[in-house]
Protein chains: 2
Amino acid sequence: MIPEDDRGLLLGDGLFETILATDGRLEHAEAHVDRMIRGCAVLGLQPPAREAALAAAERALADAGPGAGRAAVRLTLTAGSGRGLERPPGAQPRLLASASALRKPAAAVTLATAAVRRNESSPASRLKTLSYLDNILARAQARAAGADEALMLNTRGEIACAAAANLFWIEGGRLYTPVLECGVLDGIMRAQALAGAAAAGTETLEVRAGREALDRAEAVFLTNSLVGVQPVTALDGRTLGAHPLAVELSSRCR
Amino acid sequence: MIPEDDRGLLLGDGLFETILATDGRLEHAEAHVDRMIRGCAVLGLQPPAREAALAAAERALADAGPGAGRAAVRLTLTAGSGRGLERPPGAQPRLLASASALRKPAAAVTLATAAVRRNESSPASRLKTLSYLDNILARAQARAAGADEALMLNTRGEIACAAAANLFWIEGGRLYTPVLECGVLDGIMRAQALAGAAAAGTETLEVRAGREALDRAEAVFLTNSLVGVQPVTALDGRTLGAHPLAVELSSRCR
């Protein structure tokens with residue numbers, strides 16, 4: 001239980017991470033905690049101690065019981081207690097950790113472009129913050145359009161990401177993904193996919209690109225920490241094919 | 001205390017209202033509750049019962065002790081418990097109410113334009129949601145620039161609002177404020193100011209206008225439920241004067 005004057009609850013003032021655990025082992029836990037610490041610097045929050053945050057994640061996983069199969073460990077850091085837009089001086093951030101069982105991810109998903117856009121003018125667009133309502137609304141719009149997940153453009157109309165994943169596309173043998181400045185999270189699987197593709201000899205480009213770039217794409221896939229690499233089989237009703245590079249990255253990125 | 005799996009905490013999934021109480025009496029409580037209920041329709045949340053929400057606000061005020069002076073009663077409605085972007089079927093929203101003493105508002109404020117913009121592509125930009133981090137960041141930017149409050153433009157560069165207030169300006173004897181579609185809250189004091197100005201024989205216009213419109217303004221003021229009408233004495237370093245209409249509206253809008 002957390003107090004009713006917690007700024008995470010009152011104003012979405014804080015950050016979170018979702019860490020995959022397989023068979024009782026956390027995956028990329030250090031990278032997740034390091035990203036949370038970098039996010040604290042952006043938001044002006046006192047960061048958690050690295051070892052304490054890692055220990056909290058391990059403890060939540062152990063408390064959840066026998067470690068077979070897949071689980072998600074969520075670390076939540078709120079700005080602590082205090083009302084009003086301005087944080088009270090000396091507010092102590094609150095770190096929470098919890099684990100929950102995770103179903104096998106869908107083998108592939110369909111996308112629909114959401115009307116809600118990523119607000120790349122805000123530093124929050126590049127962080128996993130507790131103010132996540134726009135992503136909830138984008139997902140709901142995609143579901144209402146009959147798709148599984150949303151394609152979110154930013155306010156300039158550039159491709160940004162999915163509601164809960166980074167987005168990649170392949171065209172002419174090259175791998176493309178939006179630059180972080182488009183308003184996207186510096187995803188841990190995103191970095192893995194970029195490195196994996198480069199290791200496989202594929203040219204990778206971080207770009208600013210309009211929605212029409214996806215009409216020329218041979219394949220599209222999503223990445224996030226819980227699903228790894230997830231192929232997109234249709235975008236706004238247009239069928240998309242599989243691609244050997246996506247298949248290869250699926251096995252490299254875990 | 002609230003449970004750690006509350007979606008208000010986890011994802012900023014919910015709404016709030018801040019109601020002024022003076023000498024133990026709630027001001028415009030029905031209008032606040034009705035706005036929360038309208039917001040629920042936009043977000044797809046089951047709305048609270050009107051009478052129950054009003055009673056919760058009254059009870060929070062009574063519990064806070066003797067009713068002399070000013071207080072703020074906050075109603076918070078979260079989407080209930082549940083992880084993930086999609087709300088679990090049958091999730092029960094959670095209604096919280098609390099009261100806190102309120103200091104006398106500043107007689108006037110200075111503004112600085114924030115880099116963080118209102119995301120008018122999102123329905124959340126027209127609601128008081130629990131995903132309020134962009135407003136926190138905009139306020140922090142204004143404070144870092146030496147001002148009291150932020151002027152927020154929307155992503156098209158149009159004037160939207162302050163971080164915690166609606167915004168008005170006066171030019172050529174007319175009263176201007178951004179249309180709601182610019183990404184602004186349908187403020188209760190905003191409506192009072194528009195009605196008050198019309199009653200005083202002043203032409204009022206809800207407009208889309210770029211930042212430069214404020215360079216021509218004779219006076220600028222803010223409105224919100226807790227401060228009523230609050231004059232702006234400087235914007236980005238340019239001194240702004242008082243105006244008889246703002247003074248008159250100060251006494252009309254409470």
Side-chain angles (χ1 to χ4, degrees), chain A residues 1-16 18 42-44 72 74 76 78-79 83-87 96-98 100 114-125 127 129-140 143-144 149-150 152-156 163-164, chain B residues 1-16 18 42-44 72 74 76 78-79 83-87 96-98 100 114-125 127 129-140 143-144 149-150 152-156 163-164:
Chain A
M1 304 286 277
I2 67 140
E4 281 194 22
D5 69 350
D6 184 274
R7 298 178 61 80
L9 171 69
L10 295 177
L11 298 164
D13 192 4
L15 293 163
F16 73 101
T18 320
V42 176
L43 296 186
R74 178 167 159 139
T76 301
T78 81
R83 294 172 191 282
L85 288 193
E86 295 171 41
R87 299 182 190 126
L96 314 168
S98 62
S100 48
V116 174
R117 296 191 168 194
R118 295 288 283 187
N119 182 7
E120 77 282 2
S121 77
S122 173
S125 69
L127 302 173
T129 81
L130 301 182
S131 286
Y132 226 58
L133 187 54
D134 280 352
N135 300 55
I136 292 173
L137 294 171
R139 171 70 66 83
R143 297 287 284 174
E149 172 57 310
M152 295 185 77
L153 308 177
N154 67 18
T155 71
R156 300 154 58 118
Chain B
M1 306 285 277
I2 66 138
E4 282 194 21
D5 68 350
D6 184 274
R7 298 179 61 81
L9 171 70
L10 296 177
L11 298 165
D13 192 5
L15 293 163
F16 72 100
T18 320
V42 176
L43 297 185
R74 177 168 160 138
T76 301
T78 81
R83 295 172 191 282
L85 289 192
E86 294 169 42
R87 299 181 191 127
L96 313 168
S98 62
S100 48
V116 175
R117 296 190 167 194
R118 294 288 283 188
N119 182 7
E120 77 282 4
S121 77
S122 173
S125 69
L127 302 173
T129 82
L130 301 182
S131 286
Y132 226 58
L133 187 55
D134 280 353
N135 299 56
I136 292 174
L137 295 171
R139 171 70 67 83
R143 298 286 286 174
E149 173 58 309
M152 294 185 78
L153 308 177
N154 66 17
T155 72
R156 299 154 58 118

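Quick note on labels: first sequence line is chain A, next is B, and so on, each numbered from 1.
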Turns out that what part of B/R7 lies under 4.5 Å from chain A's heavy atoms comes down to side chain
* To do: Please step through side chain to side chain contact (heavy atoms under 4.5 Å, CB included) for the pair B/L127 and A/L133, ending with a clear verdict.
  => CA-CA 11 Å; B/L127 302 173; A/L133 187 54; over 6 Å; no
Sorted by chain and residue number, the side chain to side chain contact (heavy atoms under 4.5 Å, CB included) partners of A/S122 (sequence neighbours excluded) come out as A/N119, A/A124, B/V116, B/D134, B/L137
Would you name the heavy atoms of [X] and [Y] that are closest together and state the gap between them?
X	Y	answer
A/L85	B/N135	CD1-O, 3.9 Å
A/L9	B/D6	CD1-OD1, 3.9 Å
A/A97	B/E4	O-OE1, 4.3 Å
B/S100	A/R83	OG-CD, 3.8 Å

(message) Taking A/E86's backbone N and O only, do any of them form a donor-acceptor pair with B/R143's side chain (distance below 3.5 Å, no angle check)?
(response) no
When you measure from the side chain of A/R74 to the backbone of B/L10, do you find a donor-acceptor pair of N or O atoms at a distance under 3.5 Å? yes
Looking only at A/R139, A/E120, A/R156, the option with the highest number of non-hydrogen pairs under 4.5 Å against chain B is A/R139
Of A/A163, A/A79, A/A164, A/S131, the largest count of non-hydrogen pairs under 4.5 angstrom with chain B goes to A/S131
Side-chain H-bond candidate by donor/acceptor type, B/R117 with A/T155, under 3.5 Å
no
Given B/G14, B/S98, B/A72, the one with more heavy-atom pairs under 4.5 angstrom with chain A than any other is B/S98
With chain A, the option among B/S121, B/G84, B/G8 that has the most non-hydrogen atom pairs under 4.5 Å is B/S121
In this structure, CG of B/L96 is separated from CG of A/D5 (nearest 0.5 Å) by 11.5 Å
Can you tell which part of [X] gets under 4.5 Å to a heavy atom of chain B, answering side chain, backbone, both or neither?
X	value
A/T78	side chain
A/S125	neither
A/A115	backbone

